[in-house]
Amino acid sequence: MRFSYIKTALRTAAVLLAALTLLSSCSGGGAETDSTEEETGTSPVETEAAREPFMVIGADGKSCTVIRADGAEDEEIALAVKVRDRLESKTGKRIDIGNDFLIPGRTHPEDTWEIIVGKTNYTECTELLSTMRYNDFAVIRSGRKIIITGQSNTTISKAVTWFLSTGLSGLRQEEDGSFTLEFDDYRFEGGYKVKSLTLNGHSISDYRIVWGKSAGRISEAGAGAVASVLAQATGYLLPVVPDTAAETPLEILVGPTSRLENMKSDTLSFGIYMSGEKLVIDCNGSVAADRAVRKLYTEKMAEGGDIALGPDISVSGRWSSDTATPIDPDADIRVMSYNILTEKWGGTDTAPRAEMLGAMLDAYSPDIVGIQEVCSIWVKYLPVYCPGYAHVCLVRPDGGENYSTVLYKKDKYELVDSGVVMYSMTANLFCRNMGWVVLRDRTTGKNVALISTHWDFDNAENNREEYRRVQAREITAKVKQIAEKYGCPVFTTGDYNARHDSASIDYFRSINDMWCSKFDAAKYLNDYGSASSLGTLPSSGGGVIDFVFGTKDIKPLVNFIVVDFDTKDISDHHPVILDAKLP
């Protein structure tokens with residue numbers, strides 16, 4: 001999930017890239033697709049060329065140095081390397097590359113020949129950036145320095161492109177063997193739909209964004225999303241600081257902070273209002289922060305021009321706008337199976353994915369959810385973002401965390417019994433087991449049971465079909481035991497790690513007295529596969545490896561795969577939903 005205000009551990013990329021994409025599009029299909037940038041001001045502003053040719057390679061063979069920021073992100077480092085490589089290609093000489101690290105009390109020397117790429121701590125660079133807005137970029141000469149910079153990796157990349165394609169056309173080899181460079185300074189000034197934005201009469205450029213370091217649910221990523229959207233709209237990239245920084249009068253508070261702890265919004269809603277001179281974005285997650293500031297733009301800034309927001313500003317809403325499929329009118333229970341992808345095995349940061357999961361559960365409202373890959377990190381966030389659900393089957397018999405657990409609606413059911421059973425044959429003790437619950441409906445008094453499981457999968461070295469056959473027999477036995485002991489219908493949910501048309505699933509269906517959601521539901525709303533790569537949607541007609549099974553006393557009515565509500569950004573699996581009628 002390294003942090004910067006635009007990139008969490010940005011692997012949350014997901015959240016920030018969405019803000020940039022949304023606000024730079026022009027689809028006209030609704031408020032959230034309005035553009036924030038006008039295609040004006042795109043002509044270069046040329047200034048007088050430097051008097052002294054820039055020395056790329058001296059007569060003594062000594063090269064200039066390409067400088068990038070110490071601790072720069074990979075993309076910015078790659079841009080500096082790209083400049084170095086092109087200079088080496090054109091001169092046939094080795095070019096040094098370094099960074100802007102400074103020992104406290106020291107300053108950068110003025111008499112060295114350096115090409116500064118990106119956002120560095122050089123005075124020449126910071127002063128230039130202070131005059132530039134978000135979509136601007138520049139390539140200028142300052143003494144013996146060339147500064148190639150912009151406010152984001154995107155604009156820095158554009159500046160590098162101009163330097164390599166145009167600026168280097170002035171590279172010359174002199175009679176003494178040295179290489180010099182002459183070019184006219186270049187500045188690109190982007191256009192912005194919002195010409196100016198004031199809050200209670202104060203320019204937005206005077207504000208900074210504050211996030212609560214101890215709030216738990218709002219991270220620097222949420223504040224970064226706010227910074228990104230406002231930058232796209234106004235051109236001002238505001239500083240982002242934690243609430244441990246000294247308080248200043250003009251601040252934008254994102255989520256609970258030490259400045260203002262009492263927030264009014266629940267997990268899935270948000271509100272924006274003024275508290276004195278501070279703008280408050282009242283929300284409980286980084287995704288909600290992103291959605292909130294987008295709506296602020298849509299409702300208050302989309303018309304462009306000079307925007308003045310006063311003390312009576314009010315924006316609110318629920319951050320997920322997708323429309324969920326309602327439960328079938330003849331059904332009295334909705335069951336979901338979902339592998340939610342542990343961060344420990346390649347998933348991105350859990351917190352924003354948990355927030356999106358909470359929105360999806362709130363919308364589709366499954367009564368019971370069998371979930372897989374629920375590691376200790378997920379256990380931390382599920383109660384925060386899924387407050388209407390109880391979470392059980394967390395611990396294995398050996399005391400370790402159980403990766404196949406169960407959520408159920410607290411207001412509908414009370415827990416009768418639960419447990420975790422280890423498979424006798426498995427290649428992975430962490431999650432190849434059965435987490436099971438027996439629940440009593442608070443209204444009808446009837447019991448219903450569910451088992452969540454995760455079978456072994458094949459790899460290049462091993463065919464695990466025999467493992468799955470053992471697991472099929474043992475889960476079949478467990479279903480029978482629960483049904484007889486508690487006299488109730490039983491569901492099984494899981495990532496079975498075998499396609500619907502595999503020998504493993506054929507074998508499981510042949511030995512149990514159950515129906516399968518993929519084959520036996522009365523109605524199918526779609527035919528998507530249940531697994532894909534994280535960040536992508538499954539294909540229609542694709543392979544299904546996640547299923548809901550049920551005992552024959554249950555009537556399976558409607559089956560479908562959920563492919564909206566950001567599910568592609570939550571996991572590499574997609575939820576399987578089964579609406580059913582109980583006996």
Side-chain angles (χ1 to χ4, degrees), residues 2-9 50-58 60-84 87 94-134 136-153 155-156 159-160 163 181 185 187 205-211 213-214 220 223-224 227 236-251 258:
R2 297 186 304 189
F3 276 101
S4 71
Y5 55 84
I6 291 183
K7 180 178 179 183
T8 83
R51 296 178 182 177
E52 180 185 21
F54 185 87
M55 192 64 66
V56 178
I57 304 290
D60 58 359
K62 185 177 180 180
S63 77
C64 68
T65 303
V66 175
I67 299 292
R68 50 89 169 172
D70 181 41
E73 295 178 359
D74 291 344
E75 186 176 349
E76 193 170 331
I77 293 172
L79 291 170
V81 171
K82 187 176 183 179
V83 171
R84 188 274 309 275
L87 288 171
R94 180 179 180 274
I95 303 294
D96 295 329
I97 190 165
N99 61 56
D100 65 353
F101 175 78
L102 271 180
I103 297 174
R106 300 280 185 89
T107 58
H108 296 293
E110 296 181 358
D111 60 349
T112 55
W113 299 98
E114 294 174 317
I115 300 176
I116 300 165
V117 180
K119 299 174 73 173
T120 72
N121 61 14
Y122 276 67
T123 301
E124 297 90 343
C125 185
T126 57
E127 288 180 351
L128 176 60
L129 284 168
S130 70
T131 69
M132 296 167 60
R133 295 170 77 178
Y134 190 63
D136 302 352
F137 62 89
V139 181
I140 71 164
R141 172 78 179 277
S142 177
R144 293 192 169 188
K145 316 296 180 190
I146 294 175
I147 301 103
I148 305 172
T149 195
Q151 297 285 10
S152 68
N153 288 338
T155 51
I156 295 169
V160 166
F163 178 72
L181 176 63
D185 289 354
R187 292 190 63 160
S205 63
D206 296 329
Y207 276 78
R208 66 179 185 173
I209 299 171
V210 179
W211 56 281
K213 198 163 187 177
S214 61
E220 191 174 4
Y236 294 107
L237 186 60
L238 304 182
V240 175
V241 300
D243 58 358
T244 51
E247 186 171 1
T248 58
L250 305 181
E251 295 179 330
S258 59

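Values below: all heavy atoms of this structure, side chains included; hydrogens, waters and symmetry mates excluded.
- With sequence neighbours left out, the ring pair (Phe, Tyr, Trp, His ring centres under 6.0 Å) criterion links F54 to W113.
- For the residue pair K119 and A69, the shortest heavy atom distance occurs at O-CB, 3.3 Å.
- Annotation for E110: atom CD does not count as buried by contact number, only 12 or fewer foreign heavy atoms lying within 6.0 Å.
- When all heavy atoms are compared, the tightest approach of L79 to N153 is CD1-O, 4.1 Å.
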What verdict does the side-chain contact (heavy atoms from CB on, under 4.5 Å) test give for R187 and T131, after you've listed the backbone C-alpha separation in whole Å, the side-chain angles of each residue and the deciding distance to 0.1 Å? CA-CA 11 Å; R187 292 190 63 160; T131 69; 3.1 Å; yes
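- Counting heavy atoms from C-beta on, the side chains of V83 and I97 never come closer than 4.5 Å.
- Between L87 and I115, the closest side-chain pair of non-hydrogen atoms falls below 4.5 Å.
- We find the OG1-NZ distance between T244 and K213 to be 4.5 Å, quoted to the nearest 0.5 Å.
- Minimum heavy-atom separation, Y207 to E251: CD2-N, 3.3 Å.
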Check step by step if side-chain contact (heavy atoms from CB on, under 4.5 Å) holds for R141 and D185. CA-CA 6 Å; R141 172 78 179 277; D185 289 354; 3.7 Å; yes
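- Put simply, the side chain of Q151 gets close to the backbone of M132: a donor and an acceptor are under 3.5 Å apart.
- In this structure, the side chains of L181 and I146 come closer than 4.5 Å at one or more pairs of heavy atoms.
- The nearest pair of heavy atoms linking I57 to S63 is CD1-CB, 3.5 Å.
- Considering only heavy atoms from C-beta on, V160 comes within 4.5 Å of V117 through its side chain.
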Check against side-chain contact (heavy atoms from CB on, under 4.5 Å), T149 and I116: CA-CA 8 Å; T149 195; I116 300 165; over 6 Å; no
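- In this structure R144 satisfies the salt bridge (Lys or Arg N to Asp or Glu O under 4.0 Å) test together with E52, sequence neighbours excluded.
- Between the side chain of D70 and the main chain of D100, no donor-acceptor pair closer than 3.5 Å is present.
- Residues passing the side chain to side chain donor-acceptor pair (under 3.5 Å) test with S142: none are found, sequence neighbours excluded.
- Between atom CD of residue E247 and atom OG of residue S258 there is a gap of 7.5 Å, rounded to the nearest 0.5 Å.
- Remark: Y122 engages H108 in a ring pair (Phe, Tyr, Trp, His ring centres under 6.0 Å) (not counting sequence neighbours).
- Every residue two or more places apart in sequence or in another chain that forms a salt bridge (Lys or Arg N to Asp or Glu O under 4.0 Å) with D96 is listed here: R94.
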Can you list the steps and then say if D136 with T155 is a side-chain contact (heavy atoms from CB on, under 4.5 Å)? CA-CA 7 Å; D136 302 352; T155 51; over 6 Å; no
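- Contact annotation: the side chain of R208 never approaches that of L238 to less than 4.5 Å [non-hydrogen atoms, C-beta and beyond].
- In this structure, A138 and A159 approach most closely via the heavy-atom pair O-CB, 3.9 Å.
- For I77 against A72, the heavy-atom pair with the smallest separation is CD1-O, 3.3 Å.
- Going from atom OG1 of T120 over to atom CD1 of I148 covers 11.0 Å, rounded to the nearest 0.5 Å.
- Atom-to-atom distance recorded for T107:OG1 and L102:CG is 7.0 Å, nearest 0.5 angstrom.
- With sequence neighbours excluded, the residues satisfying side chain to side chain donor-acceptor pair (under 3.5 Å) with K145 are T112, E114.
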